[in-house]
Amino acid sequence: MNNEIQQSELRVNVSTKDGKDESLGVMSKQAALAKAQELGGLDLILINANSDPPVCKIVDYSKYRYMLEKKRKEKAKNSKATEVKEVKMSYKIGIADYGVRIRAATKFIKQGNRVRCTVMFRGREVQHDQLGVELLQRMAADMEDICSMEGKPRREGRSLGAILTPLPSVVKALNEAKRQKEKDKKQAKAESLKKRDEAEEAKKNAAMAAVAEEKAAIGGVLDGIGDFDDDDDDEDIDDMDLDELLGSSKATDDLFA
């Protein structure tokens, strides 16, 4: 990545807004690094070192890692969906045990998995392999509404096996359920974020209202102090005697004598 890339000449791609790659052509490593900085301080990632010239991509490295991890998880999820499960039984299996195997196989099929049904033989029981074939065919017939048998039962040593595969309708319903679950998950997340934003906005408004109320209260106190000072001045004037107002002189003493 970036200066750690050893090659001097590179074929450079860049992601567009619609998620597609746009080729910028072949350029030197220094020119590619300068282009990455020009596009907003992005990173130069080596995609294919074995091509001639090596292929690099200008991306945000954190977003690039996120997308790789997302693809890895999606691939793991899909591979898990096509896992082969197995149910084993004897050709002499009883009705109750047969019902248990049917329920287990049905569960696996509805999860989108393929199921290997195996009939086990011991010693000379192997001569009854036709009974094993009939048992597997019976099992496939009892589950024909959700799966089908791949080919015919096959002999493998002292066992006889067959693969049951989910019908397209089952796979379709499973995929639709997964998509709906993802949609509901995204919607719930969006609603949660919306509620959080609304709570933060309400908290902010409450804080602003409290500040405004506090300012108004302080302003009222200051106005009250101003009024009180004015009243004190008036009282001081009332308390002043005539001598303090007019001054003391012989003329004023004769006038008011």
Side-chain angles (χ1 to χ4, degrees), residues 1-86 108-116 163 165-166 168 170-208 210-211:
M1 183 176 74
N2 295 330
N3 288 316
E4 296 176 359
I5 298 174
Q6 301 297 322
Q7 295 81 352
S8 58
E9 190 176 57
L10 307 167
R11 184 178 299 278
V12 182
N13 297 328
V14 63
S15 295
T16 59
K17 292 182 178 179
D18 56 2
K20 297 180 180 180
D21 287 347
E22 178 183 347
S23 177
L24 299 180
V26 178
M27 60 181 70
S28 67
K29 184 178 78 171
Q30 296 303 322
L33 289 171
K35 189 65 176 179
Q37 291 300 314
E38 179 185 334
L39 293 175
L42 301 179
D43 301 297
L44 185 66
I45 308 297
L46 184 62
I47 303 297
N48 187 354
N50 297 323
S51 63
D52 186 23
V55 178
C56 288
K57 188 174 182 180
I58 295 176
V59 293
D60 183 327
Y61 183 62
S62 59
K63 291 182 179 179
Y64 178 72
R65 287 189 59 187
Y66 170 77
M67 292 305 298
L68 287 181
E69 183 66 16
K70 185 176 180 181
K71 289 180 180 179
R72 186 192 67 78
K73 289 182 178 180
E74 190 67 26
K75 184 177 180 180
K77 187 185 299 182
N78 292 335
S79 63
K80 183 178 180 180
T82 58
E83 186 178 351
V84 178
K85 302 290 186 178
E86 185 176 23
F108 295 145
I109 291 292
K110 288 185 176 180
Q111 290 174 345
N113 299 305
R114 298 163 67 210
V115 179
R116 179 187 298 277
I163 299 292
T165 304
V170 175
V171 177
K172 181 180 178 181
L174 184 63
N175 290 335
E176 288 178 351
K178 287 182 178 179
R179 285 194 293 269
Q180 185 62 41
K181 184 177 180 179
E182 291 293 330
K183 184 178 179 181
D184 293 342
K185 185 178 179 180
K186 289 181 179 179
Q187 185 176 357
K189 184 177 180 180
E191 291 178 354
S192 177
L193 290 175
K194 182 179 179 181
K195 290 181 179 179
R196 188 184 68 181
D197 291 342
E198 290 176 350
E200 290 180 354
E201 186 66 22
K203 185 178 180 180
K204 181 179 178 181
N205 292 337
M208 292 176 64
V211 171

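Every value quoted in this text rests on a predicted model; they were computed, and no experiment measured them.
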*asked:* Under the rule for side-chain contact (heavy atoms from CB on, under 4.5 Å), what residues qualify as partners of Gln37, not counting sequence neighbours?
replied: none

*Under the side-chain contact (heavy atoms from CB on, under 4.5 Å) test, which residues partner Ala173, sequence neighbours left out?*
none

Show the atom names and distances, to 0.1 Å, of all donor-acceptor pairs under 3.5 Å that link a side chain in residues 41-56 to residues at least two apart or in another chain.
| from | atom 1 | to | atom 2 | distance (Å) |
| --- | --- | --- | --- | --- |
| Asp43 | OD1 | Asn2 | ND2 | 3.2 |
| Asp43 | OD2 | Tyr61 | N | 3.1 |
| Asn48 | OD1 | Asn50 | N | 3.0 |
| Ser51 | OG | Asn48 | O | 3.3 |
| Ser51 | OG | Pro53 | O | 2.9 |
| Ser51 | OG | Val55 | N | 3.4 |

_What's the separation between atom NZ in Lys57 and atom CG in Leu10, rounded to the nearest 0.5 Å?_
15.0 Å

_For a 4.5 angstrom cut-off between non-hydrogen side-chain atoms, does Glu191 reach Gln187?_
yes

_With Glu4 via side-chain contact (heavy atoms from CB on, under 4.5 Å) - residues at least two apart_ = none

*asked:* Going by side-chain hydrogen bond (donor to acceptor under 3.5 Å, both in side chains), Asp184 matches just one of Lys181, Gln180, Lys186. Which one?
replied: Gln180

*Roughly how far, to the nearest 0.5 Å, is CG of Leu174 from CD of Glu176?*
10.0 Å

*Is any side-chain heavy atom of Pro166 closer than 4.5 Å to a side-chain heavy atom of Arg114?*
yes

*Can you measure from NZ (Lys70) to NZ (Lys63) and round to the nearest 0.5 angstrom?*
13.0 Å

*Partners of Lys35 by side-chain contact (heavy atoms from CB on, under 4.5 Å), sequence neighbours excluded?*
Leu24, Glu38, Leu39, Ile58

*Closest approach of Val170 and Lys110, non-hydrogen atoms and distance?*
CG1-CA, 4.3 Å

Would you give me the side-chain donor-acceptor pairs under 3.5 Å for residues 194-204, sequence neighbours excluded?
none

*Say whether, by atom type as modelled, one donor and one acceptor occur between the side chain of Lys85 and the main chain of Asn113 under 3.5 angstrom.*
no

